[in-house]
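Quick note on labels: first sequence line is chain A, next is B, and so on, each numbered from 1. Since we're looking at a predicted model, the values are computed, not measured. Atom set for the values below is all heavy atoms of this structure, side chains included, hydrogens, waters and symmetry mates excluded.
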Amino acid sequence: MIDIQQIREDSQEVIARYRIRNFDASDLVNRIKTLDARRRQIQQELDNTLAEANAKARQIGELFKTGKGNEAQALKSQSAELKKKSKQLQEELDAAANELQELMTNLPMLPHPSVPAGNTEADNLVVREEGEQPRLADGAKPHWELASEHGLIDFAAGTKVTGAGFPIYTGKGAALQRALIAFFLDEAGKAGYTEVQPPLLVNAASAYGTGQLPDKDGQMYRIPEDDLYLIPTSEVPVTNIFRDTILEEDVLPVKYTAYSVCFRREAGSYGKDVRGLNRLHQFDKVEIVQVVHPEKSYAALDEMVEYVAGLLQKLDLPFRVARLCGGDLGFAAALTYDMEVYSAGQKRWLEVSSISNFETYQAQRMKLRFRRAEGKNQLAHTLNGSALALPRVMAALLENNQTPDGIKIPRVLHKYTGFEYI
RNA sequence: GGAGAGGUGGCCGAGUGGUCUAAGGCGCACGCCUGGAAAGCGUGUAUCCGUCAAAAGCGGAUCAAGGGUUCGAAUCCCUUUCUCUCCGCCA
């Protein structure tokens with residue numbers, strides 16, 4: 001949620017900035033402006049009424065104490081009137097505040113000035129590309145064929161046990177998964193991220209805090225009996241550690257990393273995009289999360305991109321980095337970089353990481369602040385990124401490293417896998 | 001899942017209808033004292049909303065959450081929730 005102060009101060013500027021998202025906010029912003037003024041007016045009236053009622057109650061107490069009970073009777077009825085009035089005002093205030101909140105929730109984050117214009121993925125701005133795309137012999141295979149050939153993944157069994165999109169890793173496939181998780185966590189630790197193991201189920205307040213609710217309601221699996229949600233990413237539980245928190249300024253930046261299983265319904269997906277490991281309902285991911293001082297959040301974003309680039313270099317995977325255009329930018333993000341690896345068997349770029357600065361969007365919802373040495377408490381900025389999502393990394397590793405003698409495991413993983421070839 | 005006891009400020013803890021503007025202690029900050037420190041003494045120390053250009057000030061709200069009784073609720077009633085103890089179940 002954006003800061004309503006920005007709308008009060010310069011609503012035209014806010015509307016103009018939303019255009020980069022191809023979002024015409026003029027109607028919504030104007031309604032918010034009107035409603036905000038109304039809300040404040042009601043509150044003033046209510047506060048005055050309550051102040052009066054409080055004064056009367058004090059008077060009555062005084063009169064009883066000094067034995068003038070009869071005089072108090074008259075005041076009682078006045079007080080009752082005030083109460084009736086304040087109750088009504090309170091209802092009006094609640095209604096206005098709720099409606100305002102609801103409208104604010106419909107506003108996405110204001111995009112950063114560097115976000116390029118555009119509508120779709122095709123308009124994203126590739127800002128970096130490196131690594132050599134492997135030249136494979138004729139007959140190079142996609143990862144799903146390699147996986148079944150070498151007994152790494154049993155898609156059919158997963159479909160039987162659960163359903164499509166729930167693969168079962170077996171043998172060296174399972175070991176490679178475990179190796180990647182350990183490698184990513186160790187690297188994050190070296191880069192100063194504290195490892196955490198979060199719950200895989202979260203409550204509605206947490207899902208709201210990071211912006212999954214109400215916007216992406218249909219994306220999450222839900223446990224209705226307990227009103228809990230399976231996490232679509234560990235960003236949700238990890239960032240919500242700081243919900244309703246005021247941090248001391250000197251603990252910033254907070255840097256956390258977490259491995260978790262992630263669950264996504266991916267309703268409506270089909271076709272070649274979901275073949276093999278390309279898109280799953282359940283997958284593994286190591287996430288990095290930062291809570292930072294607002295003035296340092298873009299430096300932190302760059303640092304995170306650099307960190308993930310380093311992982312891909314170590315795995316010897318060709319990759320590119322794209323700055324998402326306004327039309328492709330997520331609801332909660334001010335600026336996002338997608339990292340894609342080239343997967344030579346499918347001859348496609350696969351997204352393996354998405355790194356975003358949410359500025360105050362999540363902080364506002366979560367009431368995550370820090371205490372300034374001078375002045376008022378202030379909202380912190382939150383960021384997160386995948387480092388990395390495993391399935392597509394696995395797909396690219398299998399496809400790019402296929403040789404007539406088997407699949408080569410990158411050197412950095414040897415100590416984790418215990419084998420160099422599959 | 002059953003029974004019982006609880007939830008008060010950063011922490012501990014008092015508080016059974018008006019003087020709660022929440023005692024007292026700890027912690028923290030600043031000052032005095034000191035050669036320096038400790039001790040001691042003094043002062044301060046929550047969050048949110050509104051008002052104001054802003055700060056101060058002022059008004060309102062908040063004693064787990066929500067509702068109720070009352071002129072007036074931390075205090076009484078109802079609901080929910082969480083924690084603890086015992087029992088049951090269990091990796």
Side-chain angles (χ1 to χ4, degrees), chain A residues 1-11 13 32-105 197 199-209 223-229 237 240-252 254 261 360 363-380:
Chain A
M1 196 180 324
I2 73 164
D3 188 349
I4 196 161
Q5 196 61 34
Q6 289 173 284
I7 291 176
R8 285 182 198 156
E9 275 164 15
D10 194 348
S11 55
E13 164 72 11
I32 287 170
K33 216 174 160 180
T34 313
L35 191 56
D36 176 50
R38 199 170 105 77
R39 199 215 97 222
R40 284 185 289 167
Q41 195 210 324
I42 296 169
Q43 167 144 18
Q44 274 179 57
E45 238 182 288
L46 173 63
D47 285 355
N48 291 337
T49 308
L50 286 172
E52 212 181 316
N54 287 344
K56 286 248 155 57
R58 242 171 276 138
Q59 258 179 17
I60 293 168
E62 199 59 38
L63 288 172
F64 273 121
K65 214 183 332 175
T66 52
K68 298 173 188 164
N70 358 348
E71 290 181 39
Q73 292 306 326
L75 283 175
K76 273 197 189 182
S77 62
Q78 289 180 35
S79 199
E81 278 304 306
L82 285 171
K83 194 196 174 176
K84 216 181 286 176
K85 187 176 168 193
S86 73
K87 197 166 176 182
Q88 192 191 332
L89 284 168
Q90 183 70 58
E91 275 166 24
E92 282 179 43
L93 181 65
D94 290 346
N98 287 342
E99 195 186 339
L100 188 59
Q101 171 83 8
E102 168 108 31
L103 292 181
M104 289 294 291
T105 299
Q197 272 191 35
L200 304 183
L201 289 165
V202 293
N203 56 32
S206 292
Y208 178 83
I223 316 287
E225 290 89 338
D226 301 291
D227 202 21
L228 295 173
Y229 297 84
N240 273 283
I241 291 171
F242 300 102
R243 174 151 50 83
D244 291 319
T245 301
I246 303 174
L247 295 166
E248 294 305 324
E249 190 167 359
D250 61 14
V251 308
L252 302 178
V254 172
V261 181
T360 58
Q364 173 86 253
R365 293 177 155 227
M366 284 192 292
K367 312 235 179 305
L368 163 51
R369 290 101 81 207
F370 68 97
R371 209 180 298 284
R372 300 196 71 128
E374 304 265 321
K376 295 177 69 176
N377 297 333
Q378 194 180 337
L379 292 170

Point to revise | For the student: nearest non-hydrogen atoms of A/T49 and A/L82, plus distance | key: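 Smallest interatomic distance, heavy atoms only, reads CG2-O, 3.7 Å.
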Suppose you measure atom [atom1] in [N] against the same atom in [M]; what distance do you get, rounded to whole Å?
| N | M | atom1 | result |
| --- | --- | --- | --- |
| B/C32 | B/A38 | C1' | 15 Å |
| B/G88 | B/U70 | P | 47 Å |
| B/C89 | B/G15 | P | 40 Å |
| B/C63 | B/C76 | P | 14 Å |
| B/G40 | B/U51 | C1' | 44 Å |
| B/G10 | B/C48 | P | 11 Å |
| B/G17 | B/C11 | C1' | 29 Å |
| B/A61 | B/C28 | C1' | 27 Å |

Checking [X] now: which residues fulfil side chain to side chain donor-acceptor pair (under 3.5 Å) with it, not counting sequence neighbours?
| X | answer |
| --- | --- |
| A/S11 | A/K33 |
| A/D94 | A/Q90 |
| A/R365 | A/Y361 |
| A/Q5 | A/R8, A/E9 |

**Study point:** Test log, rule side-chain contact (heavy atoms from CB on, under 4.5 Å), inputs A/F370 and A/V251
**Key:** CA-CA 9 Å; A/F370 68 97; A/V251 308; over 6 Å; no
Nucleotide [N], atom [atom2] - distance to [atom1] of [X] in whole Å:
| X | N | atom1 | atom2 | result |
| --- | --- | --- | --- | --- |
| A/N203 | B/U81 | CG | P | 13 Å |
| A/L46 | B/G60 | CG | C1' | 7 Å |
| A/Q378 | B/C48 | CD | P | 12 Å |
| A/I246 | B/U45 | CD1 | C1' | 14 Å |
| A/Q5 | B/A54 | CD | P | 8 Å |
| A/D226 | B/U81 | CG | P | 11 Å |

[N] pairs with which nucleotide, Watson-Crick or G-U wobble, both distances below 3.5 Å?
| N | value |
| --- | --- |
| B/A23 | none |
| B/G40 | B/C32 |
| B/U47 | B/A61 |
| B/G4 | B/C84 |
| B/U16 | none |
| B/C76 | B/G68 |

Check your understanding: Across the strands shown, which category fits A/N48 at heavy-atom distances under 4.0 angstrom: base, sugar-phosphate, nothing?
Key ->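 If one applies the 4.0 Å heavy-atom cut-off, A/N48 turns out to touch nothing in the nucleic acid.
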Check your understanding: So what does A/L82 hit on the nucleic acid, given a heavy-atom distance under 4.0 Å: a base, only sugar-phosphate, or nothing?
Key ->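 Touches nothing.
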With sequence neighbours left out, write down each residue that passes side chain to side chain contact (heavy atoms under 4.5 Å, CB included) with [X], or none if nothing qualifies.
| X | result |
| --- | --- |
| A/L50 | A/L46, A/S86 |
| A/Q41 | A/E45 |
| A/A205 | A/N203, A/R243 |

**Study point:** Sequence-distant partners of A/E102, salt bridge (charged side-chain N to carboxylate O under 4.0 Å, His left out), two or more places apart
**Key:**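 Result, salt bridge (charged side-chain N to carboxylate O under 4.0 Å, His left out) vs A/E102: none returned.
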Check your understanding: What residues in residues 83-94 of chain A put a non-hydrogen atom under 4.0 Å from any atom of RNA chain B?
Key ->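 Correct list: A/K83, A/K87.
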Review point. Quick one: is A/R371 getting a side-chain N or O under 4.0 Å of the B/U47 phosphate, OP1 or OP2?
Key: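 True: A/R371 side-chain N/O within range (under 4.0 Å) of B/U47 OP1/OP2.
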Exercise for review: Look at the side-chain N and O atoms of A/N54 and state whether any lies under 4.0 Å from the OP1 or OP2 oxygen of B/G72.
Suggested key: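 Result: no.
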Could you list, one pair per line, each protein nitrogen or oxygen that sits under 3.5 Å from a nitrogen or oxygen of nucleotides 49-51 of chain B, together with the distance?
{"from": "B/C49", "atom 1": "O3'", "to": "A/R39", "atom 2": "NH2", "distance (Å)": "3.1"}
{"from": "B/C49", "atom 1": "O2'", "to": "A/R39", "atom 2": "NH2", "distance (Å)": "3.0"}
{"from": "B/C49", "atom 1": "O2'", "to": "A/Q43", "atom 2": "OE1", "distance (Å)": "2.4"}
{"from": "B/C49", "atom 1": "O2'", "to": "A/Q43", "atom 2": "NE2", "distance (Å)": "3.1"}
{"from": "B/C49", "atom 1": "O2", "to": "A/Q43", "atom 2": "NE2", "distance (Å)": "3.2"}
{"from": "B/G50", "atom 1": "OP1", "to": "A/R8", "atom 2": "NH2", "distance (Å)": "3.1"}

Review point. Sequence neighbours excluded, which residues qualify as ring-ring contact (aromatic ring centres under 6.0 Å, His included) partners of A/Y229?
Key: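 Expected list: none.
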Under 3.5 Å, which protein N or O atoms sit close to an N or O of nucleotides 27-29 of chain B? Give each pair with its distance.
none

Point to revise | Residue pair A/I2, A/Q364: steps toward the side-chain contact (heavy atoms from CB on, under 4.5 Å) verdict | key: CA-CA 7 Å; A/I2 73 164; A/Q364 173 86 253; over 6 Å; no
**Study point:** Electrostatic pair A/E249:A/R371 at N-O distance under 4.0 angstrom
**Key:**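 No, A/E249 and A/R371 are not salt-bridged.
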Exercise for review: When you get a sec, tell me which of B/C71, B/U47, B/G59 is the closest nucleotide to the side chain of A/R369?
Suggested key: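 Within the option list, the nearest is B/U47.
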